[in-house]
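Side-chain atoms are counted along with the backbone in the values below, which use heavy atoms only and exclude waters and symmetry mates. Chain letters run A, B, ... following the sequence lines, proteins first, then strands; residues in each count from 1. Since this is a predicted model, take the numbers as computed values, not measurements.
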Number of protein chains: 2
Amino acid sequence: MPTEIKENYLKALFHLGQKCEKISVSDLGKELGVSKPTASDMAKKLDAKGWVHYQKYKPLRLSDEGKKQAASIIRKHRLSEMFLSQIMGFGWEAVHEMAEELEHIKSETFFDRMDELLGFPTTDPHGSPIPDKQGCFKDSNYSLLSATSKGEEVTIKALINSSSEFIVFLNNKKIKLGTVLKVLSKEPFDQSILVSYNGKKITLSQSVCNRLLVE
Amino acid sequence: MPTEIKENYLKALFHLGQKCEKISVSDLGKELGVSKPTASDMAKKLDAKGWVHYQKYKPLRLSDEGKKQAASIIRKHRLSEMFLSQIMGFGWEAVHEMAEELEHIKSETFFDRMDELLGFPTTDPHGSPIPDKQGCFKDSNYSLLSATSKGEEVTIKALINSSSEFIVFLNNKKIKLGTVLKVLSKEPFDQSILVSYNGKKITLSQSVCNRLLVE
DNA sequence: TCACAAAGTTAGACATATCTAACAAATAAA
DNA sequence: TTTATTTGTTAGATATGTCTAACTTTGTGA
Ligand SMILES: [Mn+2]
Ligand SMILES: [Mn+2]
Ligand SMILES: [Mn+2]
Ligand SMILES: [Mn+2]
């Protein structure tokens with residue numbers, strides 16, 4: 001079983017692997033706020049444990065066992081977020097940080113009970129899928145708001161980034177999962193998008209549109 | 001803020017200090033399953049942090065700050081136990097082990113919310129008091145079942161030891177907090193006690209009577 | 001193709017938490 | 001009051017996770 005620190009590395013590797021096929025040591029270091037030698041050393045240790053395929057100067061790759069470990073941690077993370085939100089009444093902007101800690105609890109029954117009390121949810125409060133106990137993700141094919149064209153009407157389904165700063169921004173704009181947006185126009189200069197919803201009409205910057213998944 | 005490991009030492013020191021005024025390095029080691037040099041070294045480190053008063057060859061003593069830290073961890077532990085039992089539906093024999101992990105969660109709001117959802121409880125599922133946020137324990141003056149005399153009628157108020165093995169024993173005997181026992185007789189040879197409750201009549205060994213607090 | 005910047009690795013150090021073996025102090029027994 | 005036992009400390013080692021400084025590869029741009 002990985003230590004808490006190794007769990008964070010495995011999770012980071014999994015997330016980086018989603019964004020981009022080739023995971024660099026530098027990116028891993030950046031993601032976790034550690035130096036390159038630290039990330040490199042850890043990659044070797046994870047290889048020794050059989051969770052990573054490490055070769056000098058080559059991109060990092062999670063092994064199948066590593067992916068399973070990562071999925072288990074992500075499952076705990078997302079169940080925790082759902083539990084904090086649905087059972088304990090925390091706002092969706094507050095749950096990620098607490099889940100960063102709860103995901104490391106070893107007790108399996110603790111999370112099994114959460115799952116049960118929540119009625120076996122399939123997504124977390126930010127719309128991300130909760131993998132099953134075997135580590136399988138049911139991948140939804142949502143697209144980025146930034147990839148939609150003028151005239152489309154889309155529903156917000158998930159967030160790419162669950163930082164509380166971003167969610168507080170959405171709260172201020174009264175945007176949540178399920179909000180239906182009409183794309184009125186797209187500014188060619190900075191890729192910002194003018195949308196209407198709930199009778200409001202506002203401009204969303206590219207940085208915002210790149211963080212919203214819609215259908 | 002103490003590391004998770006130091007938190008366990010502080011909690012152990014607090015508990016040992018309740019049982020007995022003089023805390024020895026050996027007892028600390030035994031409590032945590034570490035060697036004497038390890039316990040001794042850690043005592044020095046805790047002294048350096050201002051949480052313990054350490055003097056060579058003298059009994060260990062928690063400082064006021066150390067007591068406050070310990071109380072905070074015990075508060076988190078007992079709130080967790082109450083939450084696991086009342087909100088998540090776990091049996092009182094299962095909660096201690098999970099609380100050993102949950103007590104190290106840093107987020108204060110997590111525990112504040114537990115407290116609120118539970119209606120600000122004052123005891124945990126084993127009858128032990130939950131200290132307030134200032135670290136004050138409201139000490140109840142219960143006595144050991146082993147200290148009662150023939151003919152007395154007492155109510156079970158708390159357990160000295162919350163190991164799941166002991167609680168499973170109590171479950172099998174249908175003994176819980178609130179159960180009223182009548183002390184029928186005391187065996188002088190082995191200090192076992194014959195009690196009656198709920199129409200049953202059984203003998204409780206000294207080891208059991210030393211673990212039950214009654215009023 | 002060669003030079004240079006970016007990315008990655010090695011070397012050496014430090015902090016934390018642990019151990020065993022050996023020694024010293026305190027306490028209990030003779 | 002010696003001796004013996006228990007208790008506690010030192011010394012030296014190991015494992016984990018981190019750093020900076022220096023060096024080596026890799027890949028790009030001239
Ligand atoms: Mn999250
Ligand atoms: Mn984490
Ligand atoms: Mn407990
Ligand atoms: Mn603990």
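- Taking atom CG of A/Leu60 as the reference point, atom P of C/dA7 lies 14 Å away to the nearest angstrom.
- Taking only side-chain nitrogens and oxygens, A/Ser35 never comes nearer than 4.0 Å to OP1 or OP2 of D/dT18.
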Full working for ring pair (Phe, Tyr, Trp, His ring centres under 6.0 Å) between A/Phe90 and A/Phe83: CA-CA 9 Å; A/Phe90 286 103; A/Phe83 184 84; 9.9 Å; no

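- Counted by atom type alone, A/Ser26 and A/Ser24 present zero donor-acceptor pairs between their side chains at under 3.5 Å.
- Proximity of residues 1-12 of chain A to DNA chain D (heavy atom under 4.0 angstrom from any strand atom) is restricted to A/Thr3, A/Ile5, A/Lys6, A/Tyr9.
- Applying the side-chain contact (heavy atoms from CB on, under 4.5 Å) test to B/Glu100 and every residue at least two apart in sequence or in another chain returns B/Asn8, B/Lys11, B/His77, B/His96, B/Glu103.
- The NZ atom of B/Lys22 sits 10 Å away from the P atom of C/dT27 (whole-angstrom rounding).
- Each salt bridge (charged side-chain N to carboxylate O under 4.0 Å, His left out) pair with one or both residues in residues 105-115 of chain A, not counting sequence neighbours, appears once here: A/Glu7-A/Lys106, A/Arg75-A/Asp115, A/Lys76-A/Glu108, A/Asp112-A/Lys133.
- Residues satisfying the side-chain contact (heavy atoms from CB on, under 4.5 Å) criterion with B/Val25, sequence neighbours excluded, are B/Ala39, B/Ser40, B/Leu60.
- With sequence neighbours left out, A/Phe111 forms a ring-ring contact (aromatic ring centres under 6.0 Å, His included) with no residue at all.
- Residues satisfying the side-chain contact (heavy atoms from CB on, under 4.5 Å) test with A/Ser207, not counting sequence neighbours, are A/Ser205, A/Arg211.
- Contacts of A/Phe169 classified as ring-ring contact (aromatic ring centres under 6.0 Å, His included), with partners at least two apart in sequence or in another chain: none.
- Residue B/Lys45 contributes atom NZ, which lies 13 Å from atom C1' of C/dC14 at whole-angstrom precision.
- Residues satisfying the ring-ring contact (aromatic ring centres under 6.0 Å, His included) test with A/His104, not counting sequence neighbours, are none.
- Atom CE of A/Met42 is separated from atom P of C/dG8 by 17 Å (rounded to the nearest Å).
- Residues forming a side-chain hydrogen bond (donor to acceptor under 3.5 Å, both in side chains) with B/Asp64 (at least two apart in sequence, or on another chain): none.
- To the nearest angstrom, P of C/dA7 lies 14 Å from CG of A/Leu28.
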Watson-Crick or G-U pairs under 3.5 Å in DNA chain D, rendered as dot-bracket with [ ] for crossing pairs and | for another strand: ||||||||||||||||||||||||||||||

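- Residues passing the ring-ring contact (aromatic ring centres under 6.0 Å, His included) test with A/Tyr54: none are found, sequence neighbours excluded.
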Could you list the protein-to-nucleotides 4-9 of chain D atom pairs, N/O on both sides, closer than 3.5 Å?
residue, atom, partner, partner atom, Å
D/dG8, OP2, B/Ser26, N, 3.0
D/dG8, OP2, B/Ser26, OG, 2.5
D/dG8, N7, B/Lys36, NZ, 3.2
D/dT9, OP1, B/Tyr54, OH, 2.3
D/dT9, OP1, B/Tyr57, N, 3.2
D/dT9, OP2, B/Ser40, OG, 2.5

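- Taking atom CG on B/Asp41 and atom C1' on D/dT10, their separation rounds to 9 Å, with Å as the unit.
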